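Down below is the structure, laid out as structure tokens.
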Amino acid sequence: MQPLSTGQPLSRDELWRKFDFLRESLVSVGKSQARFVAALLSYLAVLWGLNYTKLKGVKLTILGVDVDSDALWKISPAVLTILVLALIGSMNIMGPIWKRLRNCCTELGIDLFWTDVDSHKTLIDYFNHLKLRPEGPVEPVDAPSPQANKYRISVFSYQAVISFATLTTLLAGYPGAGCPYRIYVYGCALVQMIFSFRTWYRAVCRFLGVRRDETEV
């Protein structure tokens with residue numbers, strides 16, 4: 001593959017090559033993000049399912065190791081932190097790629113919808129597309145405006161899942177636990193909160209329709 005020319009406007013063929021490259025990159029990140037979301041939701045569902053049913057003596061096999069329900073709670077802060085940070089990282093890296101892809105589409109003179117290139121949608125994405133209104137077009141005719149997400153509560157969907165994971169991490173610090181264990185639990189929760197602040201800040205800005213240029217990527 002020949003490198004794209006630099007320092008001068010790209011030809012249309014070069015723009016299409018750039019478009020294909022960026023689309024493949026976005027799809028790759030979306031695939032990883034879908035896996036992180038599935039793993040995080042599955043882990044939370046198993047963890048709280050065992051807690052709600054109060055089943056004792058249940059053993060789960062994780063990476064070839066049998067883990068009982070009590071031990072599962074003890075390793076949960078570390079596991080949840082890894083999954084949360086991976087999910088946040090995928091969200092952060094997707095923004096610049098999507099921005100460059102949209103800029104490329106502008107140069108090509110085409111409109112592109114997020115749902116057109118997001119070939120690895122997560123359970124959260126499908127929940128966001130639930131609708132109550134029975135009438136309306138099957139799909140929008142025009143590309144979404146920059147203010148399309150203003151006052152839409154769905155902009156907080158990923159942040160809500162991340163916050164639930166952080167809350168679950170904090171609840172792993174059971175009464176009577178020793179100081180080292182509590183430091184481990186609260187340390188994991190603190191790391192999650194620090195790195196999730198950026199995602200919450202950006203979601204609030206999108207919800208209010210402010211500081212779009214500062215929070216676009």
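All values derive from a computational prediction rather than experimental measurement.
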[X] side, atom [atom1]; [Y] side, atom [atom2] - distance, nearest 0.5 Å:
| X | Y | atom1 | atom2 | value |
| --- | --- | --- | --- | --- |
| Ile183 | Cys188 | CD1 | SG | 12.0 Å |
| Leu22 | Arg102 | CG | CZ | 12.0 Å |
| Gln33 | Ser28 | CD | OG | 11.5 Å |
| Cys104 | Lys99 | SG | NZ | 12.5 Å |
| Phe127 | Thr122 | CZ | OG1 | 9.5 Å |

Taking all non-hydrogen atoms of both residues, which atom of [X] and which atom of [Y] are closest, and how far apart?
| X | Y | result |
| --- | --- | --- |
| Leu40 | Leu83 | CA-CD1, 3.8 Å |
| Val37 | Leu87 | CG2-CD1, 3.6 Å |
| Ser25 | Ile97 | OG-CD1, 3.3 Å |
| Ala172 | Pro77 | CB-CG, 3.8 Å |
| Ala189 | Leu170 | CB-CD2, 3.4 Å |

Test item: [X] side-chain N/O and [Y] main-chain N/O as donor-acceptor pair under 3.5 Å:
| X | Y | value |
| --- | --- | --- |
| Tyr184 | Lys74 | yes |
| Asp20 | Arg17 | no |
| Glu24 | Phe21 | no |
| Arg12 | Leu108 | yes |
| Gln159 | Ala203 | no |

Applying a strict under-4.5 Å side-chain criterion to I, L, V, M, F, W and Y, I'd like to know whether [X] and [Y] cluster together.
| X | Y | value |
| --- | --- | --- |
| Tyr126 | Met94 | no |
| Ile82 | Met193 | no |
| Tyr201 | Phe156 | no |
| Trp48 | Ile124 | yes |
| Phe197 | Val210 | no |

- Task: Assess whether ring pair (Phe, Tyr, Trp, His ring centres under 6.0 Å) is satisfied between Phe19 and Trp16, documenting all intermediate values.
- Result: CA-CA 5 Å; Phe19 172 87; Trp16 277 113; 5.4 Å; yes

- Thr106 side chain to Asn103 side chain, donor-acceptor N/O pair below 3.5 angstrom: no

- Message: Regarding Thr169 and Gln192, do their side chains bring together a donor and an acceptor under 3.5 Å, going by distance alone?
- Response: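 Distance-only check passes for Thr169 and Gln192.
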
What I'd like to find out is whether the side chain of [X] reaches to under 4.5 Å of the side chain of [Y], using heavy atoms alone.
| X | Y | answer |
| --- | --- | --- |
| Tyr43 | Leu47 | yes |
| Leu190 | Phe195 | no |
| Val204 | Val155 | no |
| Tyr158 | Asp125 | yes |
| Met91 | Ile162 | yes |
| Asn51 | Trp73 | yes |
| Leu72 | Val46 | yes |
| Ile88 | Ser196 | yes |

- Query: Can you tell me if CG on Leu171 sees more than 12 non-hydrogen neighbours from other groups inside 6.0 Å?
  - Reply: yes

